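Numbering of ligands and ligand atoms starts at 1, following listing order. The shown structure was predicted, so the numbers you read here are calculated from the model rather than taken from an experiment.
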Amino acid sequence: MTTILDKILAAKIGQIEQMLLRPVSDQAEIIVRKSLFDALYQSKTLQVISEIKRASPSKGLIAEGINPAEKATRYVDAGAVCISVLTDTPFFQGTFDDLAEVARTVDIPILCKDFIIHPIQIDYAKNAGAAVVLLIVAALEQGMLNSLYKYAVSKGLEVLVEVHDSVELDRALQLDAKIIGINNRDLRTFQVDLSRTAEIAAIFPFEEERVLISESGIWDSIDAIKVASYGASAVLVGESLMRSGEIENAVRSLQVKREVITS
Ligand SMILES: O=P(O)(O)OC[C@@H](O)[C@@H](O)c1c[nH]c2ccccc12
């Protein structure tokens, strides 16, 4: 069966061919940003990574005609720790220009949210001002995952490694990933279930200086309290914030107290 993830990855190949025709320079970033890992590690509150998400394959159009810089400023005013910007165009209506605009506007770390399968995408992310890139374990075989991880780190980027089950968690740990995200949404079926975070948190090596982020399907403080109790340091939230008329209150309501788990 061809899944949506398969379709997204197939479409990436054509985009990568285009990107390879226009390589980007490795200019140094002028803005010095805090490390995402440092901001999350042993944080006493659940931190919020707020996403700029115009559309998605499962929900269609989420927010029409938005201004990414204006949204980013409001996220920062509410105390977001990082801003995730979708840069995939065919399925999410995002662009590297969105990322660049956000990076020029705010000085917190920016996560490039895309389906990375080739180093040129990491070059584009860095060139646009990302400090963090996403690598999705389900989209990559281990050799490629490892080399993209090393490449990103060599460029001075932090990496959020996304997993969905215990086998993928093992693969992330083989890389020695420090920032691990659990996607509550199955990218093959788009089913969302917060108990994904509970299941993986139960076997997560918290004693090893790693942080866990719960991604997708977070709507309110009840969800936030739930995943914080499982051990998450942060939530990655898109749709519910994009649809909210009161962004600042919506972000703040997710910044719940968390127990710091130490060994
Ligand atoms: O809109 P939500 O349900 O709050 O989800 C945000 C984020 O987790 C989701 O956009 C996401 C998580 N992993 C991804 C990988 C690719 C694209 C998108 C994603």
Side-chain angles (χ1 to χ4, degrees), residues 3-12 15 36 46-63 66 68 71 75 80-96 98-99 102 110-117 121 125 130 132-140 145 148 159-165 168-169 172 177 179-197 200 212-224 226-227 232-244 247 250-251 253-254:
T3 65
I4 300 179
L5 180 59
D6 295 330
K7 284 189 195 146
I8 294 173
L9 296 178
K12 278 288 151 203
Q15 295 161 42
L36 177 62
L46 185 74
Q47 300 288 342
V48 179
I49 303 175
S50 314
E51 187 156 275
I52 310 279
K53 190 178 197 179
R54 296 174 186 272
S56 77
S58 57
K59 301 290 177 80
L61 203 60
I62 293 172
I66 54 137
K71 280 259 187 253
Y75 284 156
V81 75
C82 170
I83 296 178
S84 165
V85 183
L86 273 149
T87 51
D88 175 83
T89 309
F91 296 89
F92 292 86
Q93 305 298 320
T95 61
F96 283 99
D98 283 351
L99 199 156
V102 171
I110 319 289
L111 164 69
C112 176
K113 193 63 133 19
D114 209 320
F115 297 80
I116 295 182
I117 53 172
Q121 295 166 282
V132 191
V133 290
L134 177 76
L135 291 178
I136 303 171
V137 172
L140 296 160
L145 178 61
L148 290 170
V159 184
L160 166 58
V161 179
E162 179 175 300
V163 305
H164 187 62
D165 59 28
E168 290 183 6
L169 174 65
I179 311 175
I180 298 179
I182 297 166
N183 197 350
N184 298 309
R185 180 177 294 112
D186 187 328
L187 287 177
R188 299 175 189 92
T189 60
F190 286 117
Q191 293 284 94
V192 176
D193 185 354
L194 296 192
S195 53
R196 282 276 148 191
T197 297
I200 299 175
L212 185 157
I213 298 173
S214 184
E215 310 176 359
S216 311
I218 308 288
W219 283 87
D220 52 27
S221 58
I222 296 172
D223 294 338
K226 215 187 258 178
V227 299
S233 294
V235 281
L236 201 167
V237 191
E239 186 183 352
S240 65
L241 295 179
M242 291 304 291
R243 291 195 192 279
S244 170
I247 291 183
V251 171
S253 71
L254 303 175

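- When side chains are defined from C-beta on, Ile110 does not count as touching Cys112, because their heavy atoms never get closer than 4.5 Å.
- Among all protein heavy atoms, the one lying closest to atom 13 (N) of ligand 1 is Glu162 OE1, 2.7 Å.
- Each of the atoms 4 (O) of ligand 1 lies under 4.0 Å from some heavy atom of Val237.
- Proximity of a side-chain donor or acceptor of Thr95 to a complementary backbone N or O of Thr87 within less than 3.5 Å is not detected.
- Atom 14 (C) of ligand 1 has Lys113 NZ, 3.4 Å as its closest protein atom, hydrogens excluded (heavy atom only).
- Side-chain contact between Ile52 and Tyr75 is present, with heavy atoms from C-beta onward closer than 4.5 Å.
- Not a single heavy atom of Asp114 sits under 4.0 Å from any atom of ligand 1.
- For Phe92, no nitrogen or oxygen atom sits less than 3.5 Å from a nitrogen or oxygen atom of ligand 1, counting backbone and side chain alike.
- Between Leu86 and Asp98, every side-chain heavy-atom pair lies at or beyond the 4.5 Å cut-off.
- Close approach of ligand 1 to Gly217 (heavy-atom distance below 4.0 Å) involves ligand atoms 2 (P), 3 (O), 4 (O).
- Side-chain contact between Gln121 and Lys12 is present, with heavy atoms from C-beta onward closer than 4.5 Å.
- Side-chain contact between Ile117 and Leu140: present, with at least one pair of heavy atoms (C-beta onward) separated by less than 4.5 Å.
- Remark: ligand 1 and Gly238 share an N or O pair separated by less than 3.5 Å (distance only, no angle test).
- Any N or O atom pair closer than 3.5 Å counts here, and Ser240 shares no such pair with ligand 1.
- Protein heavy atom in closest approach to atom 10 (O) of ligand 1: Glu51 OE2, 2.6 Å.
- Remark: minimum distance from atom 8 (O) of ligand 1 to any protein heavy atom is reached at Ser216 OG, 2.8 Å.
- Taking each of Glu239, Arg185, Met242 in turn, the one with a heavy atom nearest to atom 3 (O) of ligand 1 proves to be Arg185.
- For the side chain to side chain donor-acceptor pair (under 3.5 Å) test with Thr197, the passing option among Asp223, Asn183, Asn184 is Asn184; the others fail.
- Interface of Leu86 with ligand 1, defined as ligand atoms under 4.0 Å from a residue heavy atom, comprises 17 (C).
- You'll find the side chain of Leu212 stays beyond 4.5 Å of the side chain of Ile180, heavy atoms only.
- Glu162 is listed as a side-chain neighbour of Leu134, based on a closest heavy-atom distance under 4.5 Å.
- Under the 3.5 Å distance criterion, the side-chain polar atoms of Arg196 are left unmatched by any main-chain donor or acceptor of Arg185.
- Neither the backbone nor the side chain of Leu241 has any atom closer than 4.0 Å to an atom of ligand 1 (non-hydrogen atoms only).
- With ligand atoms numbered from 1 in the order given, ligand 1 contributes 15 (C) to contacts under 4.0 Å with heavy atoms of Ile136.
- Among all non-hydrogen protein atoms, the one lying nearest atom 16 (C) of ligand 1 is Phe115 CZ, 3.2 Å.
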